*Asks:* 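First the structure, then my questions, so here it is.
The structure displayed is predicted, hence computed values, not measured ones. So you know, we letter chains A, B, ... as the sequences are listed, proteins then strands, and number each from 1.
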Number of protein chains: 2
Amino acid sequence: MQDKPVTQNDVGVAFSRHDHAHCADATLARAEAAALTRGARLTPVRRRALEILLEEHRALGAYEVLDRLAADGFGKQPPVAYRALEFLVENGLAHRVRRLNAFTACMHPGETHMPVFLICRVCHAVAEASATPVRAALDRAAAELGFTVERTNVEALGLCPACHDLACTGVST
Amino acid sequence: MQDKPVTQNDVGVAFSRHDHAHCADATLARAEAAALTRGARLTPVRRRALEILLEEHRALGAYEVLDRLAADGFGKQPPVAYRALEFLVENGLAHRVRRLNAFTACMHPGETHMPVFLICRVCHAVAEASATPVRAALDRAAAELGFTVERTNVEALGLCPACHDLACTGVST
DNA sequence: CTTGACCTGTTATGTCATAACATAGACAAG
DNA sequence: CTTGTCTATGTTATGACATAACAGGTCAAG
Ligand SMILES: [Zn+2]
Ligand SMILES: [Zn+2]
Ligand SMILES: [Zn+2]
Ligand SMILES: [Zn+2]
């Protein structure tokens, strides 16, 4: 909860006080590097879509992204946003949060990982949590049934530390 | 893969050969008992909606359920299905599979559990897997960030045993 | 009988997502 | 230079999923 500098790959950065301008810039830089590595073309719309997602640690609906893209002179029609977002997701630069029908920037692009999302139902912050143990447990459960896991969605809804504290201390309104 | 009798609470029953008529009947009976315990009123529409979900081990869209309800003389409008389904979900008799925008009957109603779904991308079978270890791992990951988990969606897309075997043996078409 | 809680049904609308087609630049082959 | 092909971007139109708001019906408590 203190504003110590947060390292780039810190999980749960969404719930920490931090210099978000730096956080977003750094993540964008890493995304660009990751895209280069994969030979994925981060064109202007795509890049701008990612920047938009990076503006906040929450998930944005496709139409919300679309509006901002349109405001920046890109196309105004749904496919414009959906295509850019699909590209970002396919290339591991963003994730889809199914619970919210929305998208969020990946906070550690380049690293292969199974995203685990913690979604605050009050402030709508979205954090990517440490996934490895969850993935392992899931793989074991699947293996017991002979099921081969290819992709996963793991999402938890609840309270982030800040909103939890607020709920406990003063429930005035 | 052999058709040994499957006990009612077996996890992953969706992927086993079994007497599904019996499976569905038994699950419905347990659901009725669970509803009674909770004082939840399993009215005709709701009960019929659950029966519809229980017809197959897959997830059905709300409009698919709606069509069948309408065919049985219930209302033809979306809220009819959504309300019945919402009731079932709220009372732990069904689950929502967000990846599919669809609903599936709970295979062990009454027991509190965090559902973990294994979804076959080929035959669309949906199984509820053993959740406890996954939940534990998720809780730990959340606790590290001070996040309080209230509800979860854990869904894995992949290949069920049968479809996996088919993919391995003969890939003709 | 009246009230109030709850269930079921309706109309209308809102939100999310994609199919199908048109255009424009990048670039290699001819 | 021209042509074909690939990929990206844009459009129109439509489909799929979900809910708000209201109307009537049942039934037990008062
Ligand atoms: Zn940040
Ligand atoms: Zn919060
Ligand atoms: Zn069955
Ligand atoms: Zn299958």
*Asks:* Rounded to whole Å, how long is the line connecting atom NZ of A/K76 with atom C1' of D/dT9?
*Replies:* 13 Å
*Asks:* How about A/H20 and A/H22: does a side-chain donor come under 3.5 Å of a side-chain acceptor?
*Replies:* no
*Asks:* Would you say A/R46 reaches D/dA8's phosphate, i.e. side-chain N/O to OP1/OP2 under 4.0 Å?
*Replies:* yes
*Asks:* Nearest nucleotide by nearest heavy atom, which residue falls closer to the 5' end of DNA chain C, A/R41 or B/V80?
*Replies:* B/V80
*Asks:* Do B/R98 and B/N153 pair up side chain to side chain, a donor and an acceptor below 3.5 Å, judged on atom types alone?
*Replies:* no
*Asks:* Between A/H57 and A/H124, does a side chain to side chain donor-acceptor pair (under 3.5 Å) hold up when you go through it step by step?
*Replies:* CA-CA 8 Å; A/H57 285 290; A/H124 304 114; over 6 Å; no
*Asks:* To the nearest angstrom, how far is B/E90 atom CD from C/dC6 atom C1'?
*Replies:* 16 Å
*Asks:* Establish, for the pair B/R46 and B/F87, whether the NZ or CZ atom is under 6.0 angstrom from the six-membered ring centre and no further than 45 degrees off its axis.
*Replies:* yes
*Asks:* To the nearest angstrom, how far is B/F87 atom CZ from C/dT8 atom P?
*Replies:* 9 Å
*Asks:* How does each nucleotide of nucleotides 16-27 of chain D score, in 5' to 3' order, for protein heavy atoms under 4.0 Å: base (B), sugar-phosphate only (S), or none (-)?
*Replies:* -BBBB-------
*Asks:* Please report the distance, rounded to the nearest Å, between CG in B/L88 and P in C/dT8.
*Replies:* 11 Å
*Asks:* Can you measure A/E86 atom CD to D/dG10 atom C1' for me and round it to whole angstrom units?
*Replies:* 16 Å
*Asks:* Using the ring centroid of each side chain, check whether B/H95 and B/F117 are separated by less than 6.0 Å.
*Replies:* yes
*Asks:* Expressed as a whole number of angstroms, how long is the span from A/R48:CZ to D/dT9:P?
*Replies:* 15 Å
*Asks:* Just by distance, no angles: are the side chains of A/R135 and A/T132 close enough, under 3.5 Å, to form a donor-acceptor pair?
*Replies:* no
